[in-house]
Q: 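If you scroll down you'll find the structure; I have some questions about it.
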Protein chains: 2
Amino acid sequence: MPTISEQTSDDVRDPDLVAVQEGPEAAGELTRPAGLDREKILQAAIDFIDEQGLAALTMRRLGSSLGVEAMALYRYVPGREDLLDGVVDRVVETLWDDRDGDDIHIVDHSGWQDYLVRLAHGMRRIALAHPAVFPLVVSRPPAAPWVRPPLRSLRLVESFLGTLREGGFSDQAAVAAYRAYSSFLLGHLLLEVTQIGAQVSLLDQPEGDEQAQQETDMSEYPNLARTESLLGQDRSAAEFEESLENLLDRLERVLHEARNSGGDVGDL
Amino acid sequence: MPTISEQTSDDVRDPDLVAVQEGPEAAGELTRPAGLDREKILQAAIDFIDEQGLAALTMRRLGSSLGVEAMALYRYVPGREDLLDGVVDRVVETLWDDRDGDDIHIVDHSGWQDYLVRLAHGMRRIALAHPAVFPLVVSRPPAAPWVRPPLRSLRLVESFLGTLREGGFSDQAAVAAYRAYSSFLLGHLLLEVTQIGAQVSLLDQPEGDEQAQQETDMSEYPNLARTESLLGQDRSAAEFEESLENLLDRLERVLHEARNSGGDVGDL
DNA sequence: TGCAGTCGTTTACGCCGTAAACGGCAGGGC
DNA sequence: GCCCTGCCGTTTACGGCGTAAACGACTGCA
């Protein structure tokens with residue numbers, strides 16, 4: 001049975017919780033294996049998914065990774081689905097984490113372009129740090145269902161729209177920019193983490209003898225065969241930057257045209 | 001929770017192989033219970049997912065939607081995972097289906113731009129026809145794991161690369177274009193079907209009285225509140241066309257620059 | 001001392017994917 | 001006619017899943 005996980009206590013207080021119980025923790029841990037709480041469970045779930053994949057996450061296994069029976073989790077989490085929602089929220093939350101010397105803080109930006117670049121890099125950092133979790137981030141329905149592109153965090157959408165407004169975008173242009181930006185980010189990052197997953201799952205099954213792999217017949221696919229090495233290359237980072245730059249150019253063009261003409265700015 | 005009506009006959013074992021329909025069946029589907037085969041099973045799975053969602057698809061329920069026990073399916077399909085792979089293949093296959101007067105055939109194109117536009121529209125048609133299936137299309141690992149952006153169909157990738165080559169792209173430029181195009185398509189369509197799913201799942205749960213919905217407090221999100229109606233609007237089709245056009249422009253620019261300079265064309 | 005709360009465990013239920021054994025029907029050689 | 005052999009759907013069974021409900025053990029306060 002695994003020992004208690006180390007669990008760095010990065011502590012983001014949830015104001016919703018009235019601290020009904022604040023015991024003398026100083027007496028602290030003698031031999032207690034548990035000392036469960038919601039944050040600890042969510043973090044354990046994230047770690048578990050990172051290591052074993054989403055499909056492997058069951059309540060029983062997550063429980064036992066915490067040294068506890070499955071049913072113990074239900075005191076802190078309503079059920080498996082809500083657990084996954086919590087995982088998504090916690091992962092996205094790290095967008096606002098302080099990063100020592102990094103350029104990631106998405107508050108304290110200068111200009112909307114800077115904001116969009118930081119946000120994109122922050123999201124990409126999350127995606128690469130938790131490739132197996134990221135599909136959850138984009139596939140779960142958003143907190144407010146009427147927000148069409150579901151980035152799930154209302155706080156995030158709010159700050160996005162606010163920043164663009166400050167940058168001179170009309171409401172319509174800001175919303176259009178939000179959607180274009182979301183779909184760009186979603187496409188690139190999902191592709192990237194899917195590739196990572198594919199690589200990993202390859203290493204999973206090196207069964208059979210080395211030679212006899214069922215090498216699909218490539219003679220029907222000459223272009224594929226010829227470019228095989230190119231297709232296998234990983235240019236994700238560069239392509240990400242290039243596409244991001246292209247998107248920013250496009251938005252900037254729209255914004256200036258709108259300013260000069262003062263006309264309708266809904267379209268991108 | 002929609003209950004699937006069990007149709008196990010009460011007491012008498014049905015003596016006929018052909019399993020005579022007992023006339024007034026329980027208002028069920030028009031399922032011929034006889035004559036299972038792999039294609040029939042895959043189509044039933046697609047229909048099932050379209051109607052009930054991916055999560056609801058179980059071997060037992062799929063079997064009973066075909067008037068058959070779950071284990072019967074295993075004679076034609078190795079297991080649930082392979083069933084899902086088959087579903088993806090079958091759905092993507094419809095890209096090549098003849099469409100009466102439509103512009104969808106992705107063979108018989110004129111020029112690579114035309115090809116990319118047709119392919120995009122074809123994929124979008126698939127996504128919108130089967131919004132609940134589409135996430136499978138992009139999330140399952142590709143047939144050849146070394147093809148980085150996993151569109152799953154080698155045939156598709158092959159024809160893509162071939163067409164761009166004919167259009168004057170170098171191998172590197174074609175591969176770069178393939179990736180840019182994939183991530184654009186993936187992002188846009190996944191966003192779109194997620195939205196559709198979100199709407200549907202909204203209609204699922206009109207529980208509680210009409211007024212008392214737990215309307216999250218919007219006072220903290222002024223920009224969201226103000227643009228609520230804009231965010232709710234559906235401009236997917238127009239945005240799709242605009243982004244597609246932008247991508248084509250970008251590719252064309254790259255191609256011409258490469259031609260005129262004759263230099264390295266790997267970058268986009 | 002007792003009492004009430006908190007928290008993890010035990011037990012149980014129905015559903016899941018699927019391995020394995022089973023049985024009824026078809027057709028073909030005798 | 002017979003039996004043999006495949007085919008094909010059913011039955012049975014097993015371990016694992018999410019989770020409802022009952023059950024202790026422990027803790028702090030009256």
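Quick caveat, the model's predicted, so the values are computed rather than measured. Convention: sequence-line order gives letters A, B, ...; per-chain numbering from 1.
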Q: What are the two closest non-hydrogen atoms of A:Ala127 and A:Val193, and how far apart are they?
A: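 Closest pair (atom of A:Ala127, atom of A:Val193, distance): O-CG1, 3.5 Å.
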Q: Between atom CG in B:Leu62 and atom C1' in C:dG17, what is the gap in whole Å?
A: 13 Å
Q: Between N or O atoms, less than 3.5 Å apart, protein on one side and nucleotides 11-14 of chain C on the other: list the pairs.
A:
none

Q: With respect to B:Val87, which candidate in B:Val137, B:Ile46, B:Val92 satisfies the side-chain contact (heavy atoms from CB on, under 4.5 Å) definition?
A: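 Exactly one pass, corresponding to B:Ile46.
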Q: Hey, what do you get for CG (A:Leu185) to CE (A:Met123), rounding to the nearest 0.5 Å?
A: 6.5 Å
Q: May I ask you to test the B:Leu42-B:Asp89 pair for a side-chain heavy-atom distance under 4.5 Å?
A: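 No, their side chains stay 4.5 Å or more apart.
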Q: To the nearest Å, give me how far apart CZ (A:Arg75) and C1' (D:dA21) are.
A: 12 Å
Q: Starting at atom CG of B:Asp82, determine the distance to atom C1' of C:dG17, rounded to an integer number of angstrom.
A: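 My rounded result for the distance is 12 Å.
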Q: Mind calculating the distance between CD (A:Glu81) and C1' (D:dG18) to the nearest angstrom?
A: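 In whole Å, D:dG18 C1' lies 10 Å from A:Glu81 CD.
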Q: Can you tell whether the side chains of B:Glu39 and B:Arg90 come within less than 4.0 Å, N to carboxylate O?
A: yes
Q: What are the residues of residues 50-59 of chain A, sorted by number, that bring a heavy atom to within less than 4.0 Å of DNA chain C?
A: none
Q: From NZ of A:Lys40 over to C1' of C:dC7, roughly how many Å is that when rounded to an integer?
A: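 The distance from NZ of A:Lys40 to C1' of C:dC7 comes to 13 Å, rounded to the nearest Å.
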Q: Under 3.5 Å, side chain of B:Arg80 to main-chain N/O of B:Leu57, donor-acceptor pair present?
A: yes
Q: Map A:Arg61 and B:Tyr76 onto DNA chain D by nearest heavy atom, then report which one ends up closer to the 5' terminus.
A: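 The residue whose closest nucleotide sits nearer the 5' end is B:Tyr76.
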Q: Given atom CG of B:Leu73 and atom P of D:dG9, what is their separation to the nearest angstrom?
A: 9 Å
Q: Centroid-to-centroid, B:Tyr181 to B:Phe160, below 6.0 Å?
A: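 Between B:Tyr181 and B:Phe160, the centre distance is under 6.0 Å.
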Q: Sequence neighbours left out, what passes side-chain contact (heavy atoms from CB on, under 4.5 Å) with A:Arg124? Give chain and number order.
A: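 A:Arg124 satisfies side-chain contact (heavy atoms from CB on, under 4.5 Å) with A:Leu128, A:Leu189, A:Glu192, A:Ser236, A:Ala237, A:Phe240 once adjacent residues are dropped.
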Q: For A:Thr58 and A:Arg61, indicate whether the former's side chain and the latter's backbone hold a donor-acceptor pair under 3.5 Å.
A: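 Flag set: sc A:Thr58 to bb A:Arg61 pair under 3.5 Å.
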Q: Tell me which nucleotide among D:dG18, C:dT18, D:dG9 gets nearest to the side chain of B:Tyr74.
A: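 It is C:dT18.
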Q: Could you tell me how far apart B:Arg80 (CZ) and D:dG16 (C1') are, to the nearest whole angstrom?
A: 15 Å
